[in-house]
Amino acid sequence: MRLQNTLTGSVEDLVPVTPGRIGLYVCGVTPYDAAHVGHAMSLMVYDVLVRYLRWRGLQVTFVSNYTDVDDKLIDRAAQQGRDPLELANANIEQWEREQQALGLILPDVRPRVTREIDNIIGMIEEIVANGLAYVTPAGDVYYRVRSKADYGKLSHRNIDDLRTGTRFEPGDAKEFALDFALWKAQKPGEPAWPSPWGLGRPGWHIECSAMARRYLGERFDIHGGGVDLIFPHHENEIAQAEAAQHAPGPTFANIWMHNGMVQRDGEKMSKSLGNVVNVAEALDRWSPDAIRMYVLSSKYRQPNNLTDEAMAAAIAGIERLTAALRPGPGTAPTTIDIAASRARFIEVMEDDLGTPQALATLFDLARAINRGRDAGEEIGAAQATLRELAGVLGLTLVERATDEAAARLDPAPFAKLASRLEVACSGNDVASTIDALVERRIAARTEKYWALADTIRQELDALGVTLEDSAAGTRWSVKR
RNA sequence: GGCGCCGUAGCCAAGUGGCAAGGCAGAGGUCUGCAAAACCUUCACCGCGGGUUCGAUUCCCGCCGGCGCCUCCA
């Protein structure tokens with residue numbers, strides 16, 4: 001497989017450090033608030049990567065952290081009069097429930113800063129011992145950015161090009177404005193842990209370096225995250241990891257993978273802009289498959305503009321793929337080239353996770369299946385392949401449960417319709433009411449009483465229920 | 001100001017130095033008692049201006065427009 005490496009700027013072969021195994025580290029969230037669609041998209045990209053690699057037979061260790069001690073978290077907790085760690089726990093629990101609802105694979109290891117303090121302190125000590133960090137009288141520890149000439153190699157910038165004068169406030173204790181905290185001395189009221197430098201807590205970037213090294217080793221395969229993390233977060237992670245390095249040679253992640261941002265109305269979705277869509281809201285409006293279809297329909301590195309139109313297209317696309325899995329009675333030998341679909345799917349996925357093209361192969365296969373069904377061919381094997389490949393992308397392609405969808409409709413108009421047509425109504429059970437109406441219509445059709453049959457169809461359609469007649473009977477579904 | 005990304009049909013979105021995937025929407029047709037679904041057909045010369053080339057949407061330069069990072073951020 002080839003992946004674009006931010007570090008080198010080129011697409012490179014993924015050559016496992018340990019044959020047959022892949023270590024993947026992805027920066028997780030700072031749980032000071034509910035997760036939003038951007039977080040979901042990010043994790044979904046790596047979820048697909050993991051699914052694909054495992055499908056190809058590699059043993060993947062997927063690590064993603066929670067930064068559960070941080071300035072923002074402390075501020076937010078203070079505003080709400082809560083304990084910061086309790087706030088973090090609550091948000092993590094919610095986010096993990098949402099990850100499962102979204103069909104995301106939970107990372108194998110989900111370390112938290114607050115449970116890794118010793119590990120982090122150990123790494124800071126190594127950096128200090130190597131002379132690449134310094135301790136201030138107040139008990140802060142700073143990484144000395146100027147101590148390594150190649151600082152900036154990931155984000156491809158020079159220290160001197162950064163707008164340090166206008167944007168950074170050089171602290172009194174810092175030697176240089178860009179130096180960043182490895183350890184922050186405790187301020188009143190803040191959570192703190194004992195360390196060789198006194199009470200305090202880890203700085204923002206060190207946790208990822210320490211946890212990645214602990215769970216994946218000093219050198220591992222892939223480090224992922226949003227493009228907004230390239231600088232300074234990932235740049236600093238590299239600096240720290242190399243500053244604490246034991247063995248000579250290349251260190252830390254071989255490939256740096258970065259996903260684009262989800263945008264809303266053409267702008268980055270972020271809390272400061274007030275344009276976020278929370279995961280909870282998204283799940284309320286759209287199915288996990290539709291959200292995934294939307295995310296995977298563009299290249300992972302590109303920004304993805306979340307619009308109602310885009311989601312409508314994603315929903316329709318999912319329905320198309322799902323419908324292709326409906327059984328066909330045919331028995332004639334099929335001409336569908338399953339092997340070609342599979343090969344094409346692998347080819348595009350191997351090429352830097354080409355999910356848009358992978359989806360195209362799924363749609364092509366779906367068309368072939370539908371054509372085969374119409375031609376009376378045996379399509380079971382092709383459908384199994386479609387299901388399998390969709391599964392590699394994390395798509396479930398399950399028919400929406402009609403009862404569940406119906407339960408979200410207002411029962412009143414259905415009861416009214418049933419009463420008008422003198423059909424027994426089951427009170428608030430919309431699904432049963434629809435079933436009864438459909439039964440009445442089937443009877444009407446049998447009698448060739450088309451006027452009533454059409455009335456029932458049209459009235460239900462107006463209420464958001466679509467009927468489909470076929471040899472197998474009448475199926476109904478709730479429009480989205 | 002520095003670094004980087006993007007500009008492809010009504011919308012979303014891939015892609016390649018040699019007649020531009022896929023999805024949604026639209027149009028016509030087949031099927032259907034009528035529909036729906038499905039199938040068939042149809043729908044772009046790739047922001048603008050130069051250059052390189054036998055040939056550029058694809059490479060180079062400039063311009064215009066949009067976005068991201070440089071501060072917390074998936």
Side-chain angles (χ1 to χ4, degrees), chain A residues 6 9 26-30 32 35-46 64 67 70-72 75 152 155-158 160-169 178 204 224-233 235 258-263 266-272 293-294 296-299 301-305 307-321 323-324 326 328 344 348 351 354-364 366-367 369-375 445 448-451 453-454 457-458 461 466-470 474-477 479:
Chain A
T6 304
V26 176
C27 286
V29 300
T30 299
Y32 70 96
H36 59 67
V37 174
H39 299 120
M41 166 180 173
S42 180
L43 218 47
M44 205 165 268
V45 166
Y46 303 103
S64 188
T67 303
D70 149 279
D71 292 342
K72 252 185 187 166
D75 291 347
S155 53
H156 305 108
R157 12 188 126 194
N158 295 313
D160 302 322
D161 290 338
L162 299 173
R163 309 211 297 197
T164 53
T166 54
R167 294 284 189 126
F168 289 82
E169 284 301 319
L178 283 182
W204 174 37
V227 288
D228 56 344
L229 292 180
I230 294 173
F231 190 91
H233 185 56
E235 194 69 60
H258 289 101
N259 60 275
M261 300 287 102
V262 174
Q263 300 188 339
E267 282 190 315
K268 178 178 166 182
M269 184 185 292
S270 76
K271 282 160 191 163
S272 51
M293 171 68 74
Y294 157 75
L296 300 184
S297 66
S298 64
K299 200 72 193 278
R301 245 176 299 104
Q302 297 312 128
N304 210 339
N305 198 12
T307 62
D308 288 349
E309 295 73 28
M311 286 308 305
I315 290 164
I318 285 297
E319 280 170 2
R320 178 169 171 76
L321 291 182
R326 289 178 189 165
R344 174 71 182 150
V348 298
D351 184 13
T355 57
Q357 300 98 311
L359 287 171
T361 68
L362 262 46
F363 281 111
D364 289 341
R367 166 167 282 116
I369 288 169
N370 288 329
R371 201 181 288 154
R373 181 193 290 104
D374 287 355
R445 292 183 71 213
K448 296 198 190 306
Y449 183 9
W450 306 126
D454 290 348
R457 175 199 294 292
Q458 286 153 15
D461 186 74
T466 304
L467 301 187
E468 295 179 44
D469 299 324
S470 74
T474 297
R475 73 156 52 230
W476 60 267
S477 59
K479 285 191 286 193

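A note on names: the letters A, B, ... follow the listed sequences, proteins ahead of strands, and every chain is numbered from 1. Worth saying up front: this structure is predicted, and the values here are computed from it rather than measured.
- One N or O donor and one acceptor, one from the side chain of A:Arg457 and one from the base of B:C34, sit under 3.5 Å apart.
- Rounded to whole Å, the distance from CZ on A:Phe363 to C1' on B:A13 is 11 Å.
- As the counterpart of B:A56, no nucleotide is assigned, since no Watson-Crick or G-U wobble pattern has both distances under 3.5 Å.
- One interatomic measurement links the two molecules: CD of A:Gln302 to P of B:A74, which rounds to 20 Å at whole-angstrom precision.
- A sub-4.0 Å separation between OP1 or OP2 of B:C40 and a side-chain N or O of A:Arg371 is present.
- Separating the C1' atom of B:A14 from that of B:G22 is a span of 8 Å, rounded to the nearest Å.
- Across all strands, A:Ile230 comes closer than 4.0 Å to no nucleic acid atom at all (heavy-atom distances).
- The partner of B:C72 cannot be assigned: no Watson-Crick or G-U wobble pair with both contacts below 3.5 Å exists in any strand.
- Taking atom P on both B:U8 and B:G15, the two are 14 Å apart, rounded to the nearest angstrom.
- When both distances must be under 3.5 Å, the Watson-Crick or G-U wobble mate of B:G4 is B:C67.
- Rounded to whole Å, the P atom of B:A13 lies 30 Å from the corresponding atom of B:C72.
- Here the P atom of nucleotide B:G22 and the CG atom of A:Leu296 are 19 Å apart, to the nearest Å.
- If you check B:A38 for Watson-Crick or wobble pairing at under 3.5 angstrom, you find it paired to B:U30.
- In this structure, B:A21 makes no Watson-Crick or G-U wobble pair, since no nucleotide meets both defining distances under 3.5 angstrom.
- Within a 6.0 Å sphere centred on NZ of A:Lys448, other residues, nucleotides and ligands contribute 12 heavy atoms or fewer.
- Between the P atoms of B:C34 and B:G29, the separation comes to 14 Å (whole Å).
- Closest-nucleotide positions on RNA chain B for A:Ala360 and A:Ala310 were compared, and the one nearer the 5' end corresponds to A:Ala310.
- Of all heavy-atom pairs spanning A:Leu321 and A:Leu362, the tightest one is CD2-O, 3.7 Å.
- Not one side-chain nitrogen or oxygen of A:Arg373 sits closer than 4.0 Å to the OP1 or OP2 atom of B:A37.
- Taking the P atoms as reference points, B:A36 lies 22 Å from B:U42, given to the whole Å.
- For A:Asp454 against B:G33, a side-chain N or O and a base N or O form a donor-acceptor pair under 3.5 Å.
- With P as the reference atom, B:A25 and B:C63 are 42 Å apart, rounded to whole Å.
- Here B:C3 presents its C1' atom at 14 Å from NE2 of A:His258, a figure rounded to the nearest Å.
- For A:Arg157 and B:G4, a side-chain-to-base donor-acceptor distance below 3.5 Å is absent, hydrogens and geometry of angles not being considered.
- For the residue pair A:Asn370 and A:Arg367, no side-chain donor N or O sits within less than 3.5 Å of a side-chain acceptor on the partner.
- Looking at A:Lys299, its side chain never comes within 3.5 Å of a backbone N or O of A:Pro356 through a donor-acceptor pair.
- In this entry the distance linking CG of A:Asn259 with C1' of B:G68 reads 13 Å, nearest Å.
- For A:Leu359 and B:A14, the CG to P distance is 11 Å, given to the nearest whole Å.
- Remark: the backbone N or O of A:Lys479 is not paired with any side-chain donor or acceptor of A:Thr466 at under 3.5 angstrom.
- Counting distance only, with no hydrogens placed and no angle test, the side-chain atoms of A:Asp469 and the base atoms of B:C34 include a donor-acceptor pair under 3.5 Å.
- Side-chain nitrogen and oxygen atoms of A:Lys299 include none within less than 4.0 Å of the OP1 or OP2 phosphate oxygen of B:C5.
- Closest of all the heavy-atom pairs between A:Phe231 and A:Ser155 is CD1-OG, 3.3 Å.
- Comparing A:Thr361 and A:Asp351 by the nucleotide of RNA chain B whose heavy atom lies nearest to each, the residue mapping closer to the 5' end is A:Asp351.
- Under the 4.0 Å criterion applied to side-chain N and carboxylate O atoms, A:Arg344 and A:Asp364 are not assigned as salt-bridge partners.
- Relative to the side chain of A:Ala453, the nucleotides B:G33, B:A74, B:C39 differ in distance, and B:G33 lies closest.
- The separation of B:G7 from B:G49, taken at their C1' atoms, amounts to 16 Å, rounded to a whole angstrom.
- Put simply, A:Asn370 has a side-chain N or O that comes within less than 4.0 Å of OP1 or OP2 on B:C39.
- For A:Arg367 and B:C40, the CZ to P distance is 5 Å, given to the nearest whole Å.
- Rounded to a whole angstrom, the distance from the C1' atom of B:U58 to that of B:G18 is 11 Å.
- If you take CZ of A:Arg326 and C1' of B:A38, they are 10 Å apart, rounded to a whole angstrom.
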